[in-house]
Amino acid sequence: MASFANLFVSYLNRYTTTSSDHEAVFDEFISQAPEPKAGPLRIDTTIENFVRNRFAQPTPPSIILTGNAGDGKTYLCRQIIHAFAGKDITSWGDDTEFRIDRDAIQLHVVKDLSEMSDTAGMDQLHQLNAAMIATNSTERYLIAANEGRLRALLTAAHLDDLYEAVNTQLLQGPDQNNQRLIVVNLNRVTTSSYVTQALRWMTDPVHWEDCEGCPILDRCPIRFNATRLREEQVQQRVTLLYRLLEHLDVHVTIRDMLMHLAYTLTGGQSCDDLIGTVMRSNWSYTRTPLVYYENVWALQADASFRRKAVVVQQLERFPVGQHSLFAVDNFIINGHEHDGQEAQEYVHLFAPAVDLGQRLFAQDRDDYLRGGAPAFQNDNEHELLKWLPRCRRKLFFEGNDSDQMIRLIPFLFLPDYQCLLNNEWSALERCKRDIVLGLNRAFAQLYITEDDNLFVTAQYLHTAEQPQPLVRLKFPIESLWLTAEAHQTIAYDDDRINLQLIIGPPPAMYGTHQSTEPVRWRLNLLLFEYLMRLAHGGTYDVLGDECGLAIRQLKDELIGRFVREDTQEAAIEFFVADQRRYTVRRLRFDSTTGRIQG
Amino acid sequence: MQRYGHIDESTDTYPLAAWIWGHRLRTGQHWIEYLLEFLNVLAGFEYQFGQGLDLDSPPENGYLTHYKRFTRLGLRRFIFYDERDKSTNPRDDEATERLRKHLVQIVETGEHADHILHEVRTLLRSFSAIEEDRSWYAKSLFPAHEAFLFWEARRKQKGKRSGKTQIASIRIDDAEPFELDKGVTFTDRNSFARGGELYYLILSAGTEQNPQLRSHLADRLKALLHTQNHVLGTIAETIDSTWSTLRQDTNGEQPHRGTVGWIPDPECPLYRLIAEDLGTFLDNHLDSLECLDLLAHLICFHILQYIYHRAHPASTTERHTNGFCRDACRPALLIDLLDQRDNGVLRAQSANFFREQEQYQIDRARSYVFEQLARWALNIPDDHQLLDELATRVEQHFSFRTKQSRDSHRQLVERLRTKYETQSLNQPKLLRDYCDAIFQNAESEFERNFLGVHRTLAKAIGFVAPRKGQNARFVLGDNLLKALVLANLGPNEQMRLGEFLERLYLRYGLVIGLGEASAANLVNRLRINTEYYERNRTAFLNKLQRAGLVTQYSDATALVHRG
């Protein structure tokens, strides 16, 4: 049999290769392959437009790009050279700098400061500095660098003013209208903004035309994946997973995203191997691995791929399909017997297809439902139960019911979190109360029921007796706010909305001279989940490992900012166990009479 | 070997471990009692370091030869003594009753008085520091305030039964209050086995050349015990002084005082490092209870460092004196942060390092015995006298606490004598045999009273896991990690992760990432895939990140800070 292959599959597999060479020069590695039919991947990014626009000005500023390896710094440099010099640089070779003469301006593109020697790097920065100081310099720079290296070189070169300028923009975001220097940190880009674009390109029908005539056309999981991932809803749900990672403060680089999405599509398989496997056995009538909803979590991948695939590691946080939801499982098993719309959806979802082993799933289901005793006779789990986790994952991407889909993600309070991000007023008020309660419980390590005030408490943690946490600070609930804030900028894509808990100074501090700046505490999805669970009766150990120190950090900050050291306060408040709940008690020492008062 | 502290001229007999790790550390001391004893000693010296070294020093310039032992019998009876106590005594029943009667007068009048007293009592009791079931006099409070500090006490139980009836029937009702306190002594050293004193001496030695740091430490610790919980402190003081006023000690009883032990090799740079750490650590704005809790962790961590430092095979007085010990005696403590995510590879390796530390301590003890014997043997010219002379010196040098151990020492000397009477004398062989025999004899004492120290402390502070069970390995618990960050980075300081890891290695021998593993020569020694170290480092970074102790910049440039 003549070998048959869609070249685009091997093109995609270049993204998933995990050798270390490949990591170092990813961009070049990809671009050296023959161009695919629908053209190479072009992700339309705000940053690219921004940099182009700035350089198109008559007197452009210099721009420094910082970011992780894989954030697309080199790619961006290439695009700028292409745009202004009309040159395609597929291989940089040993050159790290490229000069473009445009009108009276000399634009120096430095693709990576880290690849230069210390002296050469410092030299570049000195030149940049000189160009910035001189009133009529015609030299401009586009410098890509990782931040650590940049800071180190600036310090070593004693360029204090430049360091300060860079530092300010790194901390506060880019100064978009600066005429001399703009610093953009690509680390802040939300990569989830590009998932749809990348998937559209990967599943572009033009790329898959070559499959016609393939002997396993109707049995091929890769082709199946391409078809499903082309659907808008599926793309949105993949994007959702990326969004969620961003809410755990995980920054995914574009390179990591491409590696993951390409793997999701191909499962790391080549056409040759796959055709061989499928032709040789009745493999297509099993629970086919390699379908996209398994590949998203790389469930079949070998350990070395999992270690390199950052997204896969992070997605372990969202193990969709591992826990049972009655409504979902019921639908999977009994859905075909319902009426109306639900049945229609069922037929659409569970029609024989590659991912269901054609009719295998339906057979196993019928055996489970009607097989009688023999179906359960051997000690093994019934075949249908093995289908369940994957069918749940399938529903996560393909099911219509978005409420149910959200509940498949094992974060119980995700729906609330999403309401908050939309700034829904009622949710803000309700959740604020829960957060206060959760914090009270987290601070005191007791099942406090009070939620009108936030109590910052201190106690001896290893006491042998019933603990009675001392109240250090008390904030009425009115002095707290929950807000959702976006940080959009014209310089790059940042679609993330941050949830913040703002804690104003306690009433005891009104009218004093001390700082009354409120404390702003960023509440990511994990902390939110932890506190909400505590408020709803959860125990301290679930997520405690991840959240314990962060909560203490908040406590330290509140105490550091608001507790007055020189206080002459003569009273002390503390929690005591009072029948069925904990209540606050107060003791006073009256120094004039020398008596203790209740 | 030079010693730093108070050297008792009348005796120079100490347990084997004391000759290596100072006088002294003992397994029985609870981890939190290192903090309690240390603060007791410091407050007893009126918050001055470097005191109590020279007992003959004239009392000018405010130099203190002894520290004061706080008794606070009124307070501790009020808090801990009741009918459920392990060792009730009619005297204490009576004393508690009388104190309560008077206390009613210092609380708000009215029928609430009892209720308020009860509330005060449970509040104070919630600071109970010791989890074990002990008698009231052996319990202690977590030092939220100086007024919560008191020294270990014991009520003599000799002739308890007869004494009880006698006192109960005849004298107790009209006994003077101070008589009720009789029979309570403050000289036992069960819980305050001198571990806290040792820490006091370490800080004193470490700040000999740095008066500024010395007073910084003293000031901050004093503030820690006074500033934040002053209401609690005042209440505790009021209760205690009610009893002492009642007592009106007319017999001119001497105040209870104590003297410090000693530490070896006062020039050792480790002492300066510990003092530096503490100086940085105390520069914080944490809640005082949190700060004290972390301080307890830090103290135990420092004590562990001290044990490992001196147990190192390269540890010699010369190196401790000329400062080369910092590099020569750095331990290699491989920390496992992967927690089985690597199928236990690092866990197993880390467990080996824990066992290695234990073995080092045993080896050190053994070589100490051998070196001593060899040194003494040099000065004994007469071969016939050799064994007897050695035996005398051994008994003078190493304390055999029980009659049993003394007897067994004599027996082993006799056995050696018989053995060497029949064959020609081979001095080195005899020394080796004698050394083995002594060590076997001392081993059980050494193991029981000393070897457990590092195990107990390391587990208590989350430096070793699991708390119970086999395969102990080095880890970094949240509290310990936080204490270490505070001890190494000042309030507004930042440090690159790489530097921070290097610093943890250089200062404490903690091995986390690949850089430290190669510096400690583990890469060649263990021959495990270097990727494990990388993952370990990432796990450490994640831990810091979750704690908000790090700001991550691009390309693994992460800056560690206090948050």
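For the numbers below, each heavy atom of this structure counts, side chains included, while hydrogens, waters and symmetry mates do not. So that the names make sense, note that chain A is the first sequence line, chain B the second, and so on, each numbered from 1.
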Among the listed options A:R552, A:Q466, A:Q459, the residue most often paired with chain B at heavy-atom distances under 4.5 Å: A:R552
Looking at chain B, which one of A:K555, A:H462, A:R149, A:H251 has the largest number of heavy-atom pairs inside 4.5 Å, strictly under? A:H462
Side-chain contact, heavy-atom cut-off 4.5 Å: A:R151 with A:N167? yes
Does the gap between the ring centers of B:H297 and B:W31 come in under 6.0 Å? yes
Once you round to the nearest 0.5 Å, how far does CD1 of B:I528 lie from CG of B:L346? 5.0 Å
So, does A:R595 use its side chain to make a donor-acceptor pair with the main chain of A:S591 at under 3.5 Å? no
Flag the pair B:D82 and B:R121 as a salt bridge only when some basic side-chain nitrogen lies within less than 4.0 angstrom of an acidic carboxylate oxygen. yes
Which portion of A:R588 sits near chain B, non-hydrogen atoms under 4.5 angstrom: neither
Turns out that what part of A:L470 lies under 4.5 Å from chain B's heavy atoms comes down to side chain
Do B:V120 and B:L103 have side chains that approach each other closer than 4.5 Å (heavy atoms only, starting at C-beta)? no
Name the region of B:S128, side chain, backbone, both or neither, that has any atom closer than 4.5 Å to a heavy atom of chain A. both
Under a 4.5 Å heavy-atom cutoff, which of B:R535, B:R546, B:E119 has the most pairs with chain A? B:R546
Quick check for you: among B:E531, B:K543, B:R562, B:K139, which has the greatest number of heavy-atom pairs under 4.5 Å with chain A? B:E531
Using heavy-atom distances under 4.5 Å, tell me whether B:L117 contacts chain A through its side chain, its backbone, both, or neither. neither
Pick one of side chain, backbone, both or neither for B:I32, based on which atoms fall under 4.5 Å of a heavy atom in chain A. side chain
Exactly one of A:L245, A:N68, A:T190, A:V189 should register a side-chain contact (heavy atoms from CB on, under 4.5 Å) with A:V252. Which one does? A:L245
Checking heavy atoms, do the side chain of B:Q545, its backbone, both or neither come under 4.5 Å from chain A? neither
Contacting region of B:D293 [heavy-atom separation from chain A under 4.5 Å]: side chain
Can you check whether A:T457's main-chain N or O pairs, donor with acceptor, with A:R472's side chain at less than 3.5 Å? no
Chain A heavy atoms under 4.5 Å from B:I106: which part of the residue, side chain, backbone, both or neither? both
Where on B:R496 is there a heavy atom nearer than 4.5 Å to chain A: the side chain, the backbone, both, or neither? neither
Can you tell which of B:N479, B:L292, B:L141, B:L549 has the highest number of heavy-atom pairs within less than 4.5 Å of chain A? B:N479
Can you sort out the partners of B:K482 under side chain to side chain donor-acceptor pair (under 3.5 Å), two or more places apart, ordered by chain and number? A:D556, B:E290
